[in-house]
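Quick note on labels: first sequence line is chain A, next is B, and so on, each numbered from 1. All figures in this text were calculated on a predicted structure; none of them were measured in a lab. We use all heavy atoms of the structure for the numbers below, so side chains are in, but hydrogens, waters and symmetry mates are not.
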There are 2 protein chains.
Amino acid sequence: MVYQLIGKPNICMKSFIETIKSIEVESPADKIIGQLKQLITSGQLQPGDRLPAERVLAEKFGVGRSYVREAILKLEFYGLLKTNPQSGTYVSGLSIKVMDSIITDVIKFNKDDFNALLEARYYLELDAVKLAAERRTEQDLENLREALLDYENKINNGQDAVEEDMLFHIKIAKASKNSVIESMILILIPDLIKNIVENKICGENRGKLAIPEHRSILKAIEERDIDAAENALAAHLNDMFQISQAGYNAQKIINSAPN
Amino acid sequence: MVYQLIGKPNICMKSFIETIKSIEVESPADKIIGQLKQLITSGQLQPGDRLPAERVLAEKFGVGRSYVREAILKLEFYGLLKTNPQSGTYVSGLSIKVMDSIITDVIKFNKDDFNALLEARYYLELDAVKLAAERRTEQDLENLREALLDYENKINNGQDAVEEDMLFHIKIAKASKNSVIESMILILIPDLIKNIVENKICGENRGKLAIPEHRSILKAIEERDIDAAENALAAHLNDMFQISQAGYNAQKIINSAPN
DNA sequence: TAATTAGATTTGGTTTACCAATTAATTGGT
DNA sequence: ACCAATTAATTGGTAAACCAAATCTAATTA
């Protein structure tokens, strides 16, 4: 089993300009989330309690109700709050410690650490492809073959095919028949594409090399060969990962050059 | 390597009442997302284009601007739109096919398929623990030991310790040093806790049995033994999963009983 | 006294109005 | 005809206003 990604050092790859940009003030909603966090961790808001009315919170925090609602919406997505229409918003029954851990992450969840992104994608897809090899239907195979053809056509015409590549991987995620894993992969893909395109990670030869790799992944899924599918995908992603690292190092040098 | 989860059939575990509830009309924001999807897939909105102004969209869809904003916010999280203040909201450069695939998922992303949830958690944590075994710092070990102690104390007092259990797993996620994977695990945890508590998945003996399992996970992480960490965690989660399946089957029988 | 119910109040849901920044258009000068 | 500067219109950001459902209160009745 191949897990070469383990142990790779996290390289700080932010350029100077990006670093500047990332100092942006946190959004008003995130500020409110921070305030709510303090209310909870300080014990003023116990698990199970009802939150003060949105209007009250808005006034208390000196901000419009829109932001309070946005913050509540976000915390609701994480399962930390539950709002009942015309009744009130309630703190989940989770303990303070758990909430504290999670809220901290709600605020700082972003996808601009490219290495973390690549790594997460790597593992998630490996998981997905194993499930796909086990559960794929005939329809899934159809979808995969079509996506593979689209990719080959683009490549053979000498065009960029980053998105067709991703589409192939999306079909794998769908074939996993696990909606949660699929959703998580789907969340990452736009950012992956963005970074790959921006940093011109894929050379022309890379595109052609990927074709047989895709084919062997598909073949393994067709044959329900879990191990083969895992290995084929790992090899495929490892190639990309190494190339992207090289691209980033080059980028780093460019960015750190005096202007 | 243990991957017993593969191939387990997806059991429909929704109770009658929950099924009823899930027929709820999709939120106004999701409806708008659907409309936007159609605008994009029909070609009226090309990748890179600027969206009509929020006011225009609101009027066109016959709804308040808040909902349009909520929809845009959601699509922005998925990287499908980018809004520039005082300028406009722009469609990402992704191809129509990719956007179509993703938007479909944006609407139906929910975490109420408990089996998918458990399975995703299983794989994500397995990934996390491998990374944690490789990258953990002394501080991480401290955190893990503390979490483990909290758990043991609760259990030895005969109390419920579902959250302390989760806290231990949260610390593992943090030790992975991958913010994306950590965030994803954190998103799942409240729903996991909710389901576990609601379905009384953990009996008293289960709590005690988990103590040595936790210890061996910690030991493997301390020793940077990746394989051991993976195996220990897999065993731990497999135990829980089987118990939870049993719990669910029991639940199913209860729910399908005539009332 | 206890249960009930009509009304007032508070809630989140939804829409609208206002603001500052940006962009487009127009004007005036060259 | 072209360019610069000023103005007008449009944008998303923000706050406030309105609505209907849910809740609480208290008077009323059995």
Side-chain angles (χ1 to χ4, degrees), chain A residues 20-21 23-36 39-40 44-92 107 110, chain B residues 17 20-36 39-40 44-92 107 110:
Chain A
I20 291 287
K21 203 177 60 182
I23 302 183
E24 67 190 14
V25 294
E26 55 184 353
S27 80
D30 280 345
K31 273 188 205 163
I32 294 175
I33 291 178
Q35 302 263 11
L36 288 174
L39 276 183
I40 292 173
Q44 294 182 59
L45 223 50
Q46 303 266 339
D49 278 1
R50 194 178 76 178
L51 248 67
E54 292 178 355
R55 289 168 183 78
V56 178
L57 288 175
E59 194 183 6
K60 197 164 182 172
F61 296 150
V63 74
R65 194 152 78 97
S66 319
Y67 291 122
V68 175
R69 302 202 93 233
E70 194 183 327
I72 290 175
L73 214 64
K74 227 167 167 177
L75 291 174
E76 235 182 324
F77 173 75
Y78 279 80
L80 267 25
L81 297 179
K82 179 78 210 300
T83 132
N84 297 12
Q86 269 66 40
S87 165
T89 300
Y90 297 82
V91 181
S92 84
I107 298 173
N110 55 15
Chain B
I17 292 173
I20 291 287
K21 204 177 61 182
S22 75
I23 302 182
E24 67 189 14
V25 295
E26 55 183 353
S27 80
D30 280 345
K31 275 188 204 164
I32 294 175
I33 291 178
Q35 303 262 11
L36 288 175
L39 276 183
I40 292 174
Q44 293 183 57
L45 223 50
Q46 302 266 339
D49 279 0
R50 194 179 75 178
L51 248 67
E54 293 179 354
R55 288 168 182 76
V56 178
L57 288 174
E59 195 184 5
K60 196 164 183 172
F61 297 149
V63 76
R65 195 151 76 96
S66 319
Y67 291 122
V68 176
R69 304 200 93 235
E70 195 182 327
I72 290 176
L73 213 64
K74 227 168 168 178
L75 290 175
E76 233 181 325
F77 173 74
Y78 278 81
L80 268 23
L81 296 179
K82 178 79 210 297
T83 135
N84 298 10
Q86 268 67 39
S87 164
T89 300
Y90 296 82
V91 181
S92 85
I107 298 173
N110 55 14

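Contacts of A:Q46 classified as side chain to side chain donor-acceptor pair (under 3.5 Å), with partners at least two apart in sequence or in another chain: none. The side-chain contact (heavy atoms from CB on, under 4.5 Å) test applied to A:P28 returns A:Y67, not counting sequence neighbours. Under the side-chain contact (heavy atoms from CB on, under 4.5 Å) criterion, A:F61 pairs with A:I32, A:Q35, A:L36, A:L39, A:L57, A:V63, sequence neighbours left out.
In this structure, A:D30 and A:K74 have side chains that are in contact, with non-hydrogen atoms separated by less than 4.5 Å.
For A:E70 and C:dG12, the CD to C1' distance is 17 Å, given to the nearest whole Å. Whole-Å rounding puts the A:L51 CG to C:dT10 P distance at 18 Å. Between A:Q86 atom CD and C:dT11 atom P the separation is 11 Å, expressed in whole Å. In this structure, the CG atom of B:N84 is 15 Å from the C1' atom of D:dT10, given to the nearest Å. A:L57 has its CG atom 13 Å from the C1' atom of C:dT11, to the nearest Å. When rounded to the nearest whole Å, the span between CD of B:E54 and P of C:dA17 equals 16 Å.
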Contacts under 3.5 Å, N or O only, protein and nucleotides 15-17 of chain D:
unit_1	atom_1	unit_2	atom_2	d
D:dA15	OP2	A:G64	N	2.7
D:dA15	N7	A:S66	OG	2.9
D:dA17	N6	A:R65	NH2	3.2

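With both pairing distances under 3.5 Å, C:dT30 is matched to D:dA1 as a Watson-Crick or G-U wobble pair.
Heavy-atom nearest nucleotides on DNA chain D were determined for A:S87 and for B:G88, and the one closer to the 5' end corresponds to B:G88.
Of all nucleotides listed (C:dG12, D:dG12, D:dT11), D:dT11 comes nearest to the side chain of B:R50. Listed candidates were D:dA22, D:dG12, D:dT11. Nearest to the side chain of B:P85 is D:dG12.
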Kindly list each side-chain donor-acceptor pair under 3.5 angstrom involving residues 78-86 of chain A, sequence neighbours excluded, with atom names and distances?
none

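Screening residues 45-58 of chain B for salt bridge (Lys or Arg N to Asp or Glu O under 4.0 Å) gives B:E54-B:R65, B:E54-B:R69 as the qualifying pairs, with residues at least two apart or on separate chains.
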